[in-house]
Amino acid sequence: MALPHSTTASLPQHGDRGFPFAAAAAAAALRRARGPRPAMQFMLLFSRQGKLRLQKWYITRELVQTVLARKPKMCSFLEWRDLKIVYKRYASLYFCCAIEDQDNELITLEIIHRYVELLDKYFGSVCELDIIFNFEKAYFILDEFLLGGEVQETSKKNVLKAIEQADLLQEKTETISVLSNIKS
């Protein structure tokens with residue numbers, strides 16, 4: 001069964017019941033139709049000054065400079081090498097993903113937005129300094145949300161619950177470590 005890759009008629013739209021969850025389901029259907037390839041090649045977060053704040057998978061300076069050179073009113077999609085680049089700027093950070101030619105740019109924008117929502121929920125109102133000083137948490141949130149370039153969990157509540165549990169485990173481990181050092 002071949003699914004359309006170039007039309008948006010069959011894709012969930014804003015206002016549809018369950019959007020963006022329906023978008024994730026549509027992305028899963030597209031993946032099943034084309035085989036077990038990861039949809040996203042990498043995710044980057046970088047500042048307006050071009051400083052890389054977070055990277056997942058691989059990075060090239062050429063791509064960062066290409067995105068930074070684009071005007072704010074330009075489309076958030078561009079072709080780069082044999083990939084499509086999808087990016088979105090939030091305050092001073094650019095969130096940038098690479099997808100294959102047949103993948104859907106709008107679903108990728110939704111994935112970026114969901115990651116930003118998760119960061120906002122965790123940090124309060126995420127800013128560049130949160131990423132700089134808590135990069136391990138930003139990576140952990142990304143790993144709870146995406147696995148191998150694919151959406152692992154669509155529920156913000158479930159992702160944040162897993163992160164909260166990991167934070168509690170880390171606090172408990174640190175407390176035990178401090179207590180054992182005091183006894184020694």
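Remember, predicted model here, so these are calculated numbers, not experimental data.
Put simply, the side chain of L106 reaches to within 4.5 Å of the side chain of F77, judged on heavy atoms. Contact annotation: the side chain of I111 approaches that of F145 to within less than 4.5 Å [non-hydrogen atoms, C-beta and beyond]. Under the 4.5 Å side-chain criterion, counting only non-hydrogen atoms from C-beta, Y87 is not in contact with M43. Between R114 and V151 there is no side-chain heavy-atom pair separated by less than 4.5 Å. The side-chain heavy atoms of L45 and L52, taken from C-beta on, include no pair separated by under 4.5 Å. Side-chain contact between I132 and R53: present, with at least one pair of heavy atoms (C-beta onward) separated by less than 4.5 Å. H113 has its side chain out of reach of K88: every pair of non-hydrogen atoms, C-beta onward, lies at least 4.5 Å apart. Side-chain contact between F46 and L93 is absent, with no heavy atoms from C-beta onward closer than 4.5 Å.
A side-chain donor-acceptor contact under 3.5 Å links R89 to the backbone of A91. Although no hydrogens or angles enter the test, the distance criterion places a donor-acceptor pair under 3.5 Å between the side chain of Y139 and the main chain of Q55.
Between the side chains of Y90 and D120, no donor-acceptor pair of N or O atoms lies under 3.5 Å. No side-chain donor-acceptor contact under 3.5 Å links Y94 and R48.
Contact record, I131 with A138: CD1-CB, 3.9 Å, taken as the closest heavy-atom pair. In plain terms, the two heavy atoms of C97 and T108 that are nearest each other are CB-CG2, 3.8 Å. Taking both residues in full, the closest heavy atoms of S180 and S177 are given as OG-O, 2.8 Å, listed atom of the first, atom of the second, then distance. Residues L68 and S47 approach most closely at CD2-O, 3.8 Å, considering heavy atoms. The shortest non-hydrogen separation linking L54 to F135 is CD1-O, 4.3 Å. Minimum heavy-atom separation, R70 to C75: NH2-O, 2.7 Å.
Separation of atoms CD (E117) and CG (L160) is listed at 10.0 Å; rounding is to 0.5 Å. One distance of note links CG of L83 with CD1 of I99; it measures 9.0 Å at 0.5 Å rounding. Here CG of L44 is found 8.0 Å from CD1 of I85. Values are rounded to the nearest 0.5 Å. Distance check, rounded to the nearest 0.5 Å: CD of E144 to CD of Q165 gives 9.0 Å.
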Side chain to side chain contact (heavy atoms under 4.5 Å, CB included) between E100 and D103, intermediate numbers included
CA-CA 5 Å; E100 293 178 1; D103 292 323; 3.5 Å; yes
Please evaluate residues C96 and V86 with respect to the criterion side chain to side chain contact (heavy atoms under 4.5 Å, CB included), reporting the C-alpha separation (whole Å), side-chain torsions for both, the decisive distance (0.1 Å), and the verdict.
CA-CA 6 Å; C96 182; V86 179; over 6 Å; no
One pair to check against side chain to side chain contact (heavy atoms under 4.5 Å, CB included): K161 and I163. What are the steps and the verdict?
CA-CA 5 Å; K161 188 176 179 182; I163 294 162; over 6 Å; no
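Taking the charged nitrogens against the carboxylate oxygens, K137 and D130 have no contact shorter than 4.0 Å, which rules out a salt bridge. Ion pair K84/E105 flagged as a salt bridge, since at least one NZ, NE, NH1 or NH2 atom sits closer than 4.0 Å to an Asp/Glu carboxylate oxygen. Salt bridge present: E62 and R81 bring a charged side-chain N and a carboxylate O closer than 4.0 Å.
No more than 12 heavy atoms of other residues, nucleotides or ligands lie within 6.0 Å of CD in E79, so this atom counts as exposed by the packing criterion. Crowding of K121 atom NZ: a count of heavy atoms from other residues, nucleotides or ligands under 6.0 Å not exceeding 12.
In the hydrophobic clustering (ILVMFWY side chains linked at under 4.5 Å, chained through shared members), L168 stands by itself.
Scored by the side-chain contact (heavy atoms from CB on, under 4.5 Å) test, N158 finds E153, S155 as partners (sequence neighbours excluded).
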